[in-house]
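For reference, the structure discussed in these notes is given below.
Keep in mind that what you see is a predicted model, and the values were worked out from it rather than measured.
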Amino acid sequence: MTELRAFRAELLDFTGDPGENPDSAHVRHRPDGLLLVADGRIVECGPAARLLPQLSPEVPVEYFPDRLLMPGFVDAHIHYPQTDIIASYGSDLLDWLQTYTYPAERAFADPAHAHELAGVFIEELLRHGTTTALVMASVHPQSVDALFTAAAGQRLRLVAGKLLMDRHVPEDLCDPADAGYADSLALIRRWHGHGRFHYAITPRFAPTSTEGQLDVCGRLARLDDSLFIHSHVAESQRELEWVAGLFPWARSYLDVYDRFGLLRRRAVYAHCLHLDAADRTRMCESGASVAFCPGSNLFLGSGLLDLPACAAGHLALGTDVGGGTSFSLLHTLAEGYKVARLAGHTLAPLRGFYLATFGGARALDLDAHIGSFEPGREADFVVLDPGATQLLTRRTARAVSLAERLFALMMLGDDRAIARVYVLGECVHAIG
C-alpha cells in the first residue's frame, strides 16, 4: 500500500435517496470527519475524534476547517463539442441545432481543434467539481480519441461515444450505418474498459437515425452489456411530432428505442419531459436512467420534468452544455429547484446533492466505484467552501441546519465554491 493520507473536514455522503427527509438514514453527515485514502481509494471514513488517535504520527492530515467535503459530482449528460456555443441565443431545440450545433460540430473534422477543445472541456469539468461525466462527442471518431486522451492526463472516470447520425443533418455530418458501426467498434476496442474509461453507443436522437442505423446500435449493444447507451428522448413537443411522423409504427418516441434493444441497464436518456405513464413504467422496468437537464430545458423552453413521476427509477443530473448555460452542477441544482417549483413540486437540498453524487453514480451503474465514501470506492471528492463569496458567507452564517446550508450552496454557489477537487486522492484543481 502506498502512503496513507487523511483529510479532515465536515463530511457528507449518501447511501440512497433521502427524498425530502433531512433525517433520512441515507444521509451520512459527520460535522468533524476524517477521510482516509491510500492507492487512490477510500480506506475508511468516520468521526475525526475516533480515527485521529488511531493514526500514526507520520500520516499527513490535510485539514479543511469550515469546509464541506463530498464525493465528486457526476454529470450524466453533456456535449463537449458545444463548449464554444454555450450561451448562444436561440429559439427552440430544433432551430438551435441547425443554427449553432451542427456548424460547431463540423469543426471536429480537424483533429487539432478536437484536441484543443477537449483540453478546455476537461479543465471546465474539474473547475466546477465534476469528476465523472457521460459525454456526447461529435460524429468524428477523432473527437472521441481527443476527449479520452485529455481525460487520461487527469485520470478521470469518463463515459463517451461518437455520435451516430445518418439523416436530417448536413451532408458532411452524415454517417452511413455501416461506417458508423465500424468506427464505433474500433473506438470500443480502443477505449472501453481501459483504465477508467467506458464507451457509450450514441445515436444523437431518433429523428437523425434511420431504422438501419438504429438496428446497428442494437447490434453494438448486444456485443457487450457493459457498454453504455446514450441519447435524447421526448425533449420538445415539435420533436415528438417529428418522431411520430418518421416512425408511425411506434407506440411512442421511447418505444422507437425499445424496439431496437436500446432500453436496458446502462442506457441513459436525457430529458424525458414528455413521456406518458406507460413510458415511465417501461423505463423503470428496463433499468434505463433519466438525465434531468433543467438548465437547458429552461433555456430552450422545452418543458418541465415531473420529478415525482421519476421517483421509481434511476435519476441523475445533466448540465447539457451547450443548451445548458453552465458547467456547474450547483447551478444545475438551482435550475432544478425552479423547475420543480414551476411544476408544483419541490427539490429538497439533500436530495439535490444526492442526485449530483451517489444518485448520478447509481444512474450510470458506477456506484460500485464512485459516488460515496464507502471503503474501496475511488477517492474522487470535492471540497466546498460555504464562504466562497460575500453573499454565501452571510447566508450560511445564518443557517440553522445542514439542509439550509446546502440550499444556500445550491442557489448561490458557482465555481468559486469549489475550493479543491481530488481525483483518485490527488488534487487536480485548487483555488488559491
Side-chain angles (χ1 to χ4, degrees), residues 17 74-79 92-94 97 134 136 159 200-209 214 217 228-244 247 250-260 262-320 323-324 329 332-333 335-340 342-345 347 351-352 355-356 359-360 362-365:
D17 188 344
V74 179
D75 191 335
H77 180 66
I78 186 169
H79 299 253
D92 72 355
L93 166 68
L94 300 183
L97 289 171
L134 173 56
M136 285 192 169
V159 189
I201 301 157
T202 312
R204 169 171 239 122
F205 63 160
T208 54
S209 287
L214 291 170
C217 293
F228 285 76
I229 298 162
H230 185 198
S231 193
H232 306 82
V233 69
E235 182 174 0
S236 75
Q237 288 290 353
R238 277 186 65 198
E239 180 193 358
L240 256 69
E241 293 163 6
W242 192 16
V243 169
F247 302 95
R251 191 200 70 82
S252 67
Y253 189 163
L254 187 74
D255 186 49
V256 174
Y257 297 115
D258 202 7
R259 299 287 188 97
F260 291 98
L262 299 175
L263 282 187
R264 68 175 198 191
R265 182 182 68 91
R266 292 198 167 188
V268 180
Y269 286 90
H271 308 301
C272 303
L273 300 181
H274 306 287
L275 301 182
D276 61 19
D279 284 333
R280 293 193 183 98
T281 297
R282 179 64 191 125
M283 283 281 288
C284 188
E285 290 173 346
S286 70
S289 298
V290 174
F292 176 32
C293 304
S296 66
N297 298 156
L298 290 172
F299 179 71
L300 294 171
S302 302
L304 308 175
L305 184 69
D306 186 340
L307 280 169
C310 299
H314 290 307
L315 181 67
L317 287 170
T319 60
D320 196 20
L329 279 166
T332 302
L333 282 172
E335 301 292 81
Y337 175 79
K338 297 167 192 173
V339 162
L342 284 169
H345 311 298
L347 178 60
R351 186 169 195 234
L355 292 176
R362 291 177 75 184
L364 297 187
D365 192 37

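- Considering only heavy atoms from C-beta on, R264 stays 4.5 Å or farther from S286 through its side chain.
- Note: C217 SG to I229 CD1 = 8.5 Å, rounded to the nearest 0.5 Å.
- Closest heavy-atom contact between P207 and V243: CG-CG2, 3.5 Å.
- When the side chain to side chain contact (heavy atoms under 4.5 Å, CB included) test is applied to F299, the partners found at least two apart in sequence or on another chain are W96, T325.
- The closest side-chain heavy-atom distance from L364 to R266 is not below 4.5 Å.
- Under a 3.5 Å cut-off, the side chain of D306 and the backbone N or O of A309 do form a donor-acceptor pair.
- The only member of T202, I201, V159 that meets side chain to side chain contact (heavy atoms under 4.5 Å, CB included) when paired with F228 is V159.
- T319 meets the side chain to side chain donor-acceptor pair (under 3.5 Å) test with D75; sequence neighbours excluded.
- Residues meeting the salt bridge (Lys or Arg N to Asp or Glu O under 4.0 Å) test with R251, sequence neighbours left out: D276, D279.
- When side chains are defined from C-beta on, L304 does not count as touching L273, because their heavy atoms never get closer than 4.5 Å.
- Within the 4.5 Å cutoff, the side chain of W242 has heavy atoms near those of the L94 side chain.
- Taking each heavy atom of A206 and V256 in turn, the nearest pair found is CB-CG1, 4.1 Å.
- A salt bridge does not link E241 to R238: none of the charged nitrogens lies less than 4.0 Å from a carboxylate oxygen.
- Residues satisfying the salt bridge (Lys or Arg N to Asp or Glu O under 4.0 Å) criterion with D258, sequence neighbours excluded, are R282.
- A234 and L240 make their closest contact through CA-CD1, 3.4 Å (heavy atoms, listed as atom of the first residue, atom of the second, distance).
- With contacts defined as side-chain heavy-atom distances shorter than 4.5 Å, the pair L333/L317 qualifies.
- In plain terms, the two heavy atoms of A270 and C293 that are nearest each other are CB-SG, 4.3 Å.
- Residues satisfying the ring-ring contact (aromatic ring centres under 6.0 Å, His included) test with H230, not counting sequence neighbours, are H77.
- Residues passing the salt bridge (Lys or Arg N to Asp or Glu O under 4.0 Å) test with R204 are E105, sequence neighbours excluded.
- For R259, the salt bridge (Lys or Arg N to Asp or Glu O under 4.0 Å) criterion is met by D255, not counting sequence neighbours.
- When all heavy atoms of V290 and M283 are compared, the pair lying nearest together is CG2-CE, 3.5 Å.
- Here the side chains of H79 and D320 are in contact, with some heavy-atom distance below 4.5 Å.
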Task: Chi angles and distances behind the side chain to side chain contact (heavy atoms under 4.5 Å, CB included) call for Y253, L275 - done: CA-CA 8 Å; Y253 189 163; L275 301 182; 5.7 Å; no
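- The side chain to side chain donor-acceptor pair (under 3.5 Å) check on Q237 picks up H274, with sequence neighbours excluded.
- Residues that satisfy the side chain to side chain contact (heavy atoms under 4.5 Å, CB included) test with S231, not counting sequence neighbours, are P203, F205, Y257, Y269.
- Partners of S289 by side chain to side chain contact (heavy atoms under 4.5 Å, CB included), not counting sequence neighbours, listed by chain and number: V268, H314, A363.
- When all heavy atoms are compared, the tightest approach of L134 to A200 is CD1-CB, 4.1 Å.
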TODO: Check the pair L342, Y337 against side chain to side chain contact (heavy atoms under 4.5 Å, CB included), reporting the backbone distance first and the verdict last.
DONE: CA-CA 9 Å; L342 284 169; Y337 175 79; over 6 Å; no
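- We find the OG-CD distance between S296 and E235 to be 5.5 Å, quoted to the nearest 0.5 Å.
- Between R362 and L315, every side-chain heavy-atom pair lies at or beyond the 4.5 Å cut-off.
- Contact annotation: the side chain of L329 never approaches that of L355 to less than 4.5 Å [non-hydrogen atoms, C-beta and beyond].
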